[in-house]
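What follows is a short report on a single structure.
Just follow the structure's listing: the first ligand is 1, and inside any ligand the first atom is 1.
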Amino acid sequence: MRIIGVLTSGGDAPGMNACIRAVVRTALYFGMKVYGISRGYYGLVNDDVIEMHLDSVSDIIQRGGTILYTARCDEFKTKEGMEKSLSTVKKYGIEGIIAIGGDGTFRGAIDLSTHGVPAVGIPGTIDNDLPYTDYTLGFDTAVNTCLNLINNLRDTMTSHERVSIVEVMGRNCGDIALYAGVGGGAEAIIIPEVPINLDDIIKRMQQSRDRGKRSNIILLAEGAGSAENLAKELREKTGYSIRSTIIGHVQRGGAPTMADRILASKFGYHAVELLKNDTGNRAVGIVNNKIVDIDLVEAMNMKRPVDMHMFKLAEILAL
Ligand code: F6P
């Protein structure tokens with residue numbers, strides 16, 4: 001292929017800009033033409049497309065968000081939306097598309113491939129919920145943002161001898177809570193993949209208090225409940241002073257970490273190489289520290305069990 005397009009779609013994730021940069025610069029290096037499609041599939045439906053040059057992606061590797069903007073587009077899922085998208089593709093002579101985003105983005109990429117436009121998916125979401133890859137772009141940064149905030153919470157919770165319930169994002173995936181919990185030394189982690197045992201959590205908190213521990217941090221994944229409801233329930237059952245904090249969209253922004261910048265650069269390069277070799281309908285990922293690509297449909301149908309070793313580790317280390 002000689003002419004490709006790149007878009008970001010769904011929730012933004014730190015590292016998307018670094019990935020756009022990698023796509024654009026790799027494509028230009030290989031002598032290809034590259035178009036940026038604004039606001040994800042919306043830009044395809046509504047012909048919002050611009051040619052990207054070397055300096056279009058200057059000074060963005062360190063920035064969170066996405067210079068191409070992002071949106072969720074229902075019209076793309078309709079017959080008319082697809083027809084409009086195909087005519088945009090034809091107008092610019094786009095032969096393949098790189099779509100950076102989460103599962104909704106990947107479904108769009110599958111639709112495009114089905115309609116004869118080879119597409120490659122790059123996993124860009126803080127949720128780390130795409131089962132075929134060990135990590136998604138933005139996850140590392142989001143967890144690090146949570147860790148910084150948990151450090152702050154620990155200070156004030158210890159001073160007041162309180163319990164802090166920290167709710168983090170992740171949709172139905174508990175990875176942000178799990179990694180932030182282990183990294184932040186949380187006394188308990190509650191994730192959607194593992195049934196909650198509140199009595200056990202209370203017992204463990206009491207034991208730690210008896211030993212002289214001054215604060216407790218409970219990491220709660222948004223898919224497993226609400227921090228405010230849990231705080232109320234625990235307050236009634238224990239009488240402890242409890243505060244709840246919802247980290248919210250703060251964890252979606254910010255400068256990407258080194259890990260996300262490197263991952264973005266490798267993902268972007270690999271995706272362009274695939275299209276250069278006329279290979280579409282692939283999902284790029286990282287498995288056992290190696291950049292891989294697998295069939296898009298297969299990638300979406302895979303299941304990844306939660307890392308129970310990590311979950312157990314959190315319990316052991318928080319004793
Ligand atoms: O998928 C990323 C994510 O941040 C989820 O963790 C969260 O549930 C959702 O998006 C929030 O979506 P919105 O930005 O539309 O509120």
Side-chain angles (χ1 to χ4, degrees), residues 7-20 38-43 63-77 99-110 121-150 165-181 183-184 189-194 219-230 244-257 259-260 263-264 267 283 285 299-300 302 304 306:
L7 59 83
T8 49
S9 161
D12 64 351
M16 278 184 164
N17 277 330
C19 196
I20 296 166
S38 293
R39 299 175 184 82
Y41 295 109
Y42 175 93
R63 285 202 240 145
T66 161
I67 57 160
L68 290 177
Y69 303 101
T70 182
R72 295 178 174 115
C73 178
D74 287 335
E75 197 186 349
F76 176 73
K77 296 176 195 149
I100 310 168
D103 55 357
T105 307
F106 277 36
R107 273 191 286 276
I110 291 171
I122 293 182
T125 164
I126 63 165
D127 298 338
N128 210 37
D129 60 349
L130 291 170
Y132 74 93
T133 179
D134 290 346
Y135 297 108
T136 58
L137 214 51
F139 171 67
D140 186 72
T141 307
V143 172
N144 276 294
T145 301
C146 292
L147 286 177
N148 285 330
L149 299 169
I150 290 165
I165 299 174
V166 187
E167 183 183 313
V168 295
M169 284 185 168
R171 284 187 201 275
N172 298 318
C173 177
D175 278 15
I176 298 180
L178 188 56
Y179 281 68
I189 299 172
I190 302 172
I191 56 176
E193 296 90 338
V194 181
L219 248 295
L220 172 69
E222 64 175 359
S226 121
E228 274 167 32
N229 292 346
L230 183 63
S244 59
T245 302
I246 300 170
I247 294 187
H249 286 80
V250 172
Q251 70 206 282
R252 277 245 298 264
T257 57
D260 274 331
L263 200 58
F267 279 171
M300 292 300 287
M302 279 172 77
R304 185 185 55 181
V306 67

Handout entry: Test item, H249 contacting ligand 1 (heavy atom, 4.0 angstrom)
Key = yes
Completion exercise
Among non-hydrogen protein atoms, atom 6 (O) of ligand 1 lies closest to D127 OD1, 2.7 Å
Practice task
Number the atoms of ligand 1 from 1 as they appear, then name those within less than 4.0 Å of a heavy atom of E222, with their elements.
Solution key: 5 (C), 6 (O), 7 (C), 8 (O)
Exercise for the section: Please examine the side chains of Y179 and C146, heavy atoms only from C-beta on, and report whether any two atoms are closer than 4.5 Å. Expected result: no
Practice task
With heavy atoms only and a cut-off of under 4.0 Å, state how Q251 meets ligand 1: side chain, backbone, both or neither.
Solution key: neither
Exercise for the section: Using a strict cut-off of 4.0 Å, indicate which atoms of ligand 1 neighbour a heavy atom of G170. Expected result: 6 (O)
Exercise for the section: Taking the side chain as every heavy atom from C-beta outward, state whether C173 and E193 have any atom pair closer than 4.5 Å. Expected result: yes
Problem - Over 12 foreign heavy atoms within 6.0 Å of CG, N172 - result: no
Problem - Identity and separation of the nearest protein heavy atom to atom 15 (O) of ligand 1 - result: R72 NH1, 2.8 Å
Practice task
Give a yes-or-no answer on whether the side chains of N144 and N148 include a donor-acceptor pair shorter than 3.5 Å.
Solution key: no
Exercise for the section: Would you give the length of the straight line joining atom CD of E222 to atom CZ of R171, rounded to the nearest 0.5 angstrom? Expected result: 7.5 Å
Exercise for the section: Start with the C-alpha gap between L219 and I191, add the side-chain angles, then the distance that decides, and say whether side-chain contact (heavy atoms from CB on, under 4.5 Å) holds. Expected result: CA-CA 8 Å; L219 248 295; I191 56 176; over 6 Å; no
Handout entry: Protein residue, atom and distance nearest to atom 9 (C) of ligand 1, heavy-atom basis
Key = R171 NH2, 3.8 Å
Practice task
Please report which non-hydrogen protein atom sits nearest to atom 4 (O) of ligand 1, along with the residue it belongs to and the distance in Å to one decimal place.
Solution key: R252 NH1, 2.8 Å
